[in-house]
Amino acid sequence: MEEQISSLIAEFGESVSEPKAFRDETTVVLKDGSLIADVCRYLKDKYGFDFLVDISSVDHYGKDPRFEVVYELRSLATCENIRIKVSVGEEECQLPSVISVWRSADWHEREIYDMMGIRFLGHPNLKRILMWDGYPHFPLRKDFPLAGKPTDMPDVAFTRPAPLEGGPFVSTPTDKTSVHREPRARS
Amino acid sequence: MAEIKEVGYNTKIEGDVIVTRADAVLNWFRKNSLWPMPMGLACCAIELMAASCSRFDIARFGAEVMRFSPRQADLMIVAGTVTYKMGLAVKRIYDQMPEPKWVIAMGACASTGGMYRSYAVLQGVDNIIPVDVYVAGCPPRPEALLDALIKLQGKVSTEPALATLKKAG
């Protein structure tokens, strides 16, 4: 693993952070998000990270940069994993697509766009994958209310805020009866 | 020797003729041949399948003819979570069913949104289509669905069938 990381740092210099190892998992932080496709291409071509396990996104609401996108890579030949984290600012809110490296990135990136609103430059079909086209919000952002927001799109779909009755509904650990334990609105 | 008192229909006496109300006959036909449209949307659909299999056998109540075309169905069993994205499709399929038609909301999700208090889930299918019977449970056991079917049959048998028939032309 060290060889790959040092090679990566030699290739991309300051943009790639020193690796952090935790429980046999290696994480590097890429400071310049615009390099992500190049870094992924390098790792795939030179070290055989041929399997994009997942792309996920995190909303650090209230911090700057606000978003973080996490790439999980795996080499099926050597069974090594590497994780790449990239920060994305709220204003630009975009990253280069890695579809040219792994075709499987297609739906991962569409899901991130749908739920978090991060756009991927160079994606051939960047439209919503879970919600419908024209839904105006990005539901997994932290400033989106749990109950949802009202929307209306005639002949396609509508949404109404869910009744939380003072919730959120959480179960409470207790040695009392299930009536005390079960999820219900608690203020 | 005790005298045996005949009750009900006896062909020897009645001569193959039954006198009754047209409403009762129509409702009798309808309630014993409800053709369900299985709107299986989530795990409740598994229990719906179990209800139609041999152990529970929904055929005992005449509702075994699952029709995957809404035009041939008169009972929609909404089994599962109705998302907003699916909601209008459910309504469209319901609109394509011929009258008379009934709806069973099977399970907590179809009835109220269930545990999904969320931006994506319709909070009860009765927001878009009229529901006749709600079934509690997450998911309900097949017996609960059969009970709902019997309840619905009771409702069907008291409807004014003749008065609500559509006049031709």
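The figures that follow rest on heavy atoms only: side chains count, while hydrogens, waters and symmetry mates do not. Quick note on labels: first sequence line is chain A, next is B, and so on, each numbered from 1.
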How far apart are the closest heavy atoms of [X] and [Y], and which atoms are they?
X	Y	value
B:K85	A:M131	NZ-O, 3.7 Å
A:T159	B:Y119	CG2-O, 3.8 Å
A:A162	B:S118	CB-N, 3.8 Å

Quick check on [X]: does its [atom1] atom have over 12 non-hydrogen neighbours (other residues, nucleotides or ligands) under 6.0 Å away?
X	atom1	answer
B:F56	CZ	yes
B:R92	CZ	no
B:R55	CZ	no
B:D95	CG	yes

Measuring from B:L88:CG to A:W132:CH2, what's the distance to the nearest 0.5 Å?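 Here the rounded value is 8.5 Å.
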
Is there a continuous path of hydrophobic side-chain contacts, each under 4.5 Å between heavy atoms, that joins B:M86 to B:L48?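 No, separate clusters.
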
Working for side-chain contact (heavy atoms from CB on, under 4.5 Å), residues A:F158 and B:L122: CA-CA 9 Å; A:F158 66 94; B:L122 184 65; 3.8 Å; yes

